[in-house]
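Both ligands and their constituent atoms are indexed starting at 1 by order of listing.
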Amino acid sequence: MSGIINVAVDGPAGAGKSTVSRQAAKQLGYIYVDTGALYRTIGVNALRKGVDTKDKAAVAATLSDVSVDLVFENGEQKVLLFGEDVSTEIRTPAASMAASDVSAVPEVRAYLFDLQRDIAARSNCLMDGRDIGTVVLPDAQVKIFLTASPEERANRRCKELLAKGQQVNYEDVLAEINERDYNDSHREIAPLKPAEDSVLLDTTDIPQQEVVERIINIVKEKVQ
Ligand code: DC
């Protein structure tokens with residue numbers, strides 16, 4: 001892989017992947033790629049077109065003229081839909097469910113596969129998602145599977161949404177996490193599961209900063 005270092009971080013919704021991955025990537029000097037943002041963008045495009053996101057054929061049809069790009073500004077990822085920055089719009093609960101639905105469509109996964117591979121081939125990166133270590137970057141030098149109990153993940157998600165000023169109900173958030181876990185790990189294509197050669201990290205009782213340090217140490221042990 002010509003000296004390029006790829007770190008795959010996979011795990012279920014709300015395990016804190018994006019926050020710790022962003023910080024770890026920054027400290028390692030790698031770019032951080034949030035692949036969930038890509039699925040969310042395809043989901044938002046489908047919602048905007050009034051497509052039922054559970055209708056696989058209809059979702060696949062939206063790909064014929066879609067334009068999705070990832071750009072990096074000061075190391076921060078932005079996702080563009082037809083050139084428009086949709087980084088905020090993709091974070092709504094509706095976009096989360098749409099993303100989970102569209103991620104079960106094989107054509108969507110195939111469409112996003114090359115985009116993810118191209119970025120990883122060009123730059124040292126830490127890429128987070130569900131199938132990075134198993135499917136997208138099976139040769140990544142480092143693979144980490146981050147998890148936490150559903151209740152802890154629901155707690156963290158509530159805090160995050162509250163901090164953004166959004167109304168939250170813990171039971172609804174927990175139900176949504178359980179539903180997404182089920183969808184993500186039971187779909188036929190690229191289901192969420194740890195790669196055989198991944199390091200498992202259960203973050204339920206570990207403070208965020210320590211998770212970041214552990215990730216950095218795992219990377220350093222494997223590649224430096
Ligand atoms: O990580 P996230 O919550 O932003 O991801 C949104 C949805 O996209 C999630 O329900 C599963 C899907 N996803 C996926 O199937 N594969 C990835 N590599 C990343 C996300």
Sub-3.5 Å pairs, protein N or O with ligand 1 N or O:
residue: ligand 1; atom: 1 (O); partner: Arg130; partner atom: NH1; Å: 2.8
residue: ligand 1; atom: 1 (O); partner: Arg130; partner atom: NH2; Å: 3.4
residue: ligand 1; atom: 3 (O); partner: Arg40; partner atom: NH2; Å: 3.0
residue: ligand 1; atom: 3 (O); partner: Arg130; partner atom: NH2; Å: 3.3
residue: ligand 1; atom: 3 (O); partner: Arg180; partner atom: NH1; Å: 3.0
residue: ligand 1; atom: 4 (O); partner: Arg40; partner atom: NE; Å: 2.6
residue: ligand 1; atom: 4 (O); partner: Arg40; partner atom: NH2; Å: 3.3
residue: ligand 1; atom: 10 (O); partner: Arg180; partner atom: NH1; Å: 3.2
residue: ligand 1; atom: 10 (O); partner: Asp184; partner atom: OD1; Å: 3.3
residue: ligand 1; atom: 10 (O); partner: Asp184; partner atom: OD2; Å: 3.2
residue: ligand 1; atom: 15 (O); partner: Arg109; partner atom: NH1; Å: 2.8
residue: ligand 1; atom: 15 (O); partner: Arg109; partner atom: NH2; Å: 3.4
residue: ligand 1; atom: 15 (O); partner: Arg187; partner atom: NH1; Å: 2.9
residue: ligand 1; atom: 15 (O); partner: Arg187; partner atom: NH2; Å: 3.0
residue: ligand 1; atom: 16 (N); partner: Arg109; partner atom: NH2; Å: 3.0
residue: ligand 1; atom: 18 (N); partner: Thr35; partner atom: OG1; Å: 3.0
residue: ligand 1; atom: 18 (N); partner: Arg130; partner atom: N; Å: 3.2
residue: ligand 1; atom: 18 (N); partner: Asp131; partner atom: OD1; Å: 3.0

Glu89 and Arg48 ion-paired at < 4.0 Å | yes

Give a yes or no on whether the backbone of Asn217 and the side-chain of Arg214 come within a donor-acceptor separation of less than 3.5 Å.
-> no

Can you tell me how far the CG atom of Asn183 sits from the CE atom of Met97, to the nearest 0.5 Å?
-> 5.5 Å

With no hydrogens and no angle check, is any side-chain donor or acceptor of Asn124 less than 3.5 Å from a backbone partner on Ile5?
-> yes

Taking 4.0 angstrom as the limit, do Asp101 and Lys56 come out as a salt bridge?
-> no

Polar contact flag, side-chain donor to acceptor under 3.5 angstrom, Ser18-Asp128 = no

